[in-house]
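Here is the structure we will look at, set down as structure tokens.
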Amino acid sequence: MDLSKSLESLSNHESFAHFVFTIHSLREESIAELYKADYENLHQVSGKILAYDQLLQLADYETLKRRFG
């Protein structure tokens, strides 16, 4: 089973949606943290945000939000 089929199958489960919503919350917390980050931590926090964004895109967050929101 390839990744897209796995994610399609998972997207039918509310528990997966809850997991993805948690990732979204972590992303939002990291964005808030970005505003307080000093120069030394800026790249680390930015990297976390990018990683969360990629996961949300893979999981098709917007569709899950419409379906299970």
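No experiment lies behind these values; they were computed from the predicted model shown.
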Discussion item. Quick test of your reading of the model: are R67 and E14 salt-bridged, counting only N-O distances below 4.0 Å?
Written reply: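 Looking at R67 and E14, the cut-off is not met.
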Fill in: Test: K65 and E62 ion pair at under 4.0 Å
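Answer for the salt bridge query: yes.
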Practice prompt. Using atom types as modelled and distance alone, determine if a side-chain donor or acceptor of D38 lies under 3.5 Å from a backbone N or O of N41.
Written response: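 Checking the backbone N and O of N41 against the side chain of D38, a donor-acceptor pair under 3.5 Å is found.
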Worksheet item: Would a distance-only check, ignoring hydrogens and angles, find a side-chain to backbone donor-acceptor pair under 3.5 Å from S30 to L26?
Response: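 Yes, the answer is positive, given that a donor and an acceptor are paired below the 3.5 Å cut-off.
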Worksheet item: Given the rule in the side-chain contact (heavy atoms from CB on, under 4.5 Å) test, do F68 and F21 qualify, once you have shown the distances and angles that lead to the verdict?
Response: CA-CA 10 Å; F68 296 105; F21 295 161; 4.2 Å; yes
Should [X] and [Y] be regarded as members of a common hydrophobic cluster, given that ILVMFWY residues are connected when their side-chain heavy atoms come within less than 4.5 Å of each other, either directly or indirectly?
X	Y	value
L58	I23	yes
L55	F16	yes
Y52	L10	yes

Worksheet item: Which atom pair, heavy atoms only, marks the closest approach of I49 to L34?
Response: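 So the two residues come closest at CD1-CD2, 3.9 Å.
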Would you call [X] and [Y] a side-chain contact if the rule is heavy atoms closer than 4.5 Å?
X	Y	answer
L64	S11	yes
L7	L3	yes
Q54	L50	no

Worksheet item: Any idea how Y61 and H24 line up, ring-wise: parallel (<30°), tilted (30 to 60°), or perpendicular (>60°)?
Response: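 The arrangement is parallel - the two ring planes meet at less than 30°.
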Practice prompt. Evaluate whether atom NE2 of H13 has more than 12 neighbouring non-hydrogen atoms of other residues, nucleotides or ligands under 6.0 angstrom away.
Written response: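 Atom NE2 in H13 is crowded, with more than 12 foreign heavy atoms closer than 6.0 Å.
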Practice prompt. Report, as yes or no, whether the 6.0 Å neighbourhood of atom CD on E8 holds more than 12 heavy atoms from other residues, nucleotides or ligands.
Written response: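 Not buried by this count: 12 neighbours or fewer within 6.0 Å.
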Item to complete: Check step by step if side-chain contact (heavy atoms from CB on, under 4.5 Å) holds for E33 and K48.
Response: CA-CA 11 Å; E33 185 181 338; K48 283 185 351 184; 3.4 Å; yes
